[in-house]
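Below is one structure, written out as structure tokens, with a few remarks after it.
All of these numbers come straight from a predicted model, not from anything done at the bench. Below, read A as the first sequence line, B as the second, and so on, with proteins coming before strands; counting in each chain starts at 1.
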Amino acid sequence: MTWITKNWTMVGIIQGLIVTMKHILRIGNRPTVTVQYPYQKMKVSPRFRGLHAVDEDACIGCGICEVNCPNGTIQIVKYKTRWYPQVNIGMCMFCGLCVDVCPMNAMKMTGNYETADYTRESLVYGPDRLLFKKEVKQ
Amino acid sequence: MFANAYELIVFTLNYIGIYEPVNNTFKTLGIEYVLRIIIVLVEIAILFVFALLTIMFLTWMERKVVAMVQARYGPMVTGPRGLLQPVMDGVKLIGKEDIIPAKADRWVFTLAPFLVFIPALLIFIPLPFGESLIISDLSVGLLYLIAISAVSPIAILLAGWASNNKYSLMGAMRAVAQDISYTIPLAISAIAIVLFTGSLSTVEIVTAQNGTWFGFIPKWFIFLQPLGFVLFLIASIAEMGRIPFDFQESEQELVAGFFTEYSGMKFAMFFLAEYAHLFSVSAIVVTLFLGGWSFPYISLLPAALVPLVSLGVFLVKTYAVIFFAMWLRDTVPRVRIDQLLSLGWKIMIPLALLNLLVTGFLLTVGVFQ
């Protein structure tokens, strides 16, 4: 009985209804927070650790990244007469140690997070998919 | 005007000039009743299609309203603004495997979804969709509505019991407890309306709300029965099993309640029934308290337009109540089971009885005429 004597006006419920009605009518600054994902993408932060990328000219194939990888993800393989890292992102935990230890600053991590695939084999990213050429600024 | 949709169809056929020759052909064959049966079947088909389209639209509308409240988009990809989403859902559900648990009671398990769905459609029969747009104007219409809506707890209990799963059984038990405890205030606050109209027929309840006071306030029962309206609305939302009172589902506590084990089309039947319930219960609220299809000055319109306009008025009012139910769902969290039962038994039933008492007293004294 105390419940009804205290709450018979239903102030709390009415206040809540007003809040949700403001959302429905878009009163105040209430932008839509979700995006239409496959068509629109959210901006990732600049230090987001996504898929790896290796600078083709800077990489010397020294293998320090291979040594430092905690999961043993990286292997140095031969590609077009030179040696480059190959990353198995199925095992990678995206810690970024390979980027930190690279003496030539050749390795970096891009913001690419759409790496899902159908087979485990296709998760092994060879140099053909990792390498990029730095565009020299004029 | 016409008593129901049957007479309206006969009148329309007469107006085009088809009815007489067709009727004569059937008469010469000695099977006039076949024509009657055909017309009734056409009516039922129209009602069934209307009900299914409404249900599909409601599933879309529910998601859109929830999305608006939560600052999301909701369905957007299939069709313009995601309007084809219900169709895609149907395709998906038909394609799913129909699983019956190994230790479930097979027959009861299969029967339960139909037992939920058929009463939800039967409720549509005495609903007055507009002037002369009613399948059958039952003299016990209101009683019929309350009786039919009392069938669904049995089916829910069957579903929960046959699943052979403790969460399903608990959900079913809770649903039945809730339905029983909220049907009583629902019925009592509806009786107060019957005191005003002196009839259980839904058409007479609506016609009693025709006209205005002082030329602008419509004579709806919400103004005569504000407490009854609030009680009826809360009780009917509880009957629907929507969010402040959705103990039959309660995903967080009971997985999904009584339909945990259901999949594919059987699962869809439960959801269709839920949305059919949402529409029909809102329509009952509109019929009893918000004047049904009546609207001030609707009688000034040309007579040929009245069925159409009254259908529009009825649908607008019903969708307003449905929107309120969805809006409430997005705002209020679920109450506890003991709070639910104490609200039903300790607060709503006494208040409904008080409302009935005061109404009866005022009518006897002669305040309302």
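Between A71(B) and P31(A), the shortest heavy-atom distance links the atoms CB-O, 3.8 Å. Closest approach of R72(B) to T34(A), counting heavy atoms only: CA-OG1, 3.5 Å.
Counted within 6.0 Å of CZ on R129(A), heavy atoms from surrounding residues, nucleotides or ligands total more than 12; the atom is thus considered enclosed. Atom CD of Q75(A) is surrounded by 12 or fewer heavy atoms from other residues, nucleotides or ligands within 6.0 Å. The 12-atom threshold is not exceeded at OH of Y39(A), counting heavy atoms of other residues, nucleotides or ligands nearer than 6.0 Å.
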List the atom pairs, with distances to 0.1 Å, where a side-chain N or O of residues 278-288 of chain B and a protein N or O form a donor-acceptor pair under 3.5 Å, not counting sequence neighbours.
| from | atom 1 | to | atom 2 | distance (Å) |
| --- | --- | --- | --- | --- |
| S280(B) | OG | A276(B) | O | 2.9 |
| S280(B) | OG | H277(B) | O | 3.2 |
| S282(B) | OG | L278(B) | O | 2.6 |
| T287(B) | OG1 | A283(B) | O | 2.6 |

Return a table of donor-acceptor pairs under 3.5 angstrom between the side chains of residues 226-245 of chain B and protein atoms on other chains or two or more places apart.
| from | atom 1 | to | atom 2 | distance (Å) |
| --- | --- | --- | --- | --- |
| S236(B) | OG | F232(B) | O | 2.8 |
| S236(B) | OG | L233(B) | O | 2.9 |
| E239(B) | OE2 | T183(B) | OG1 | 2.9 |
| R242(B) | NH1 | E62(B) | OE1 | 3.2 |
| R242(B) | NH2 | E62(B) | OE1 | 3.0 |
| R242(B) | NH2 | E62(B) | OE2 | 2.9 |

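Atoms CZ and CE, on R26(A) and M68(B) in that order, are 7.5 Å from each other to the nearest 0.5 Å. In this structure, the separation between OG1 on T331(B) and CE on M21(A) is 9.0 Å, given to the nearest 0.5 Å. With rounding to the nearest 0.5 Å, the separation of CD1 in I24(A) from NZ in K64(B) is 13.5 Å.
With respect to chain B, the highest number of heavy-atom pairs below 4.5 Å among T20(A), V35(A), V33(A) belongs to T20(A).
Using a 4.5 Å cut-off between heavy atoms, P38(A) makes no contact with chain B at all.
Contact check for L17(A) versus L328(B): side-chain heavy atoms found under the 4.5 Å cut-off.
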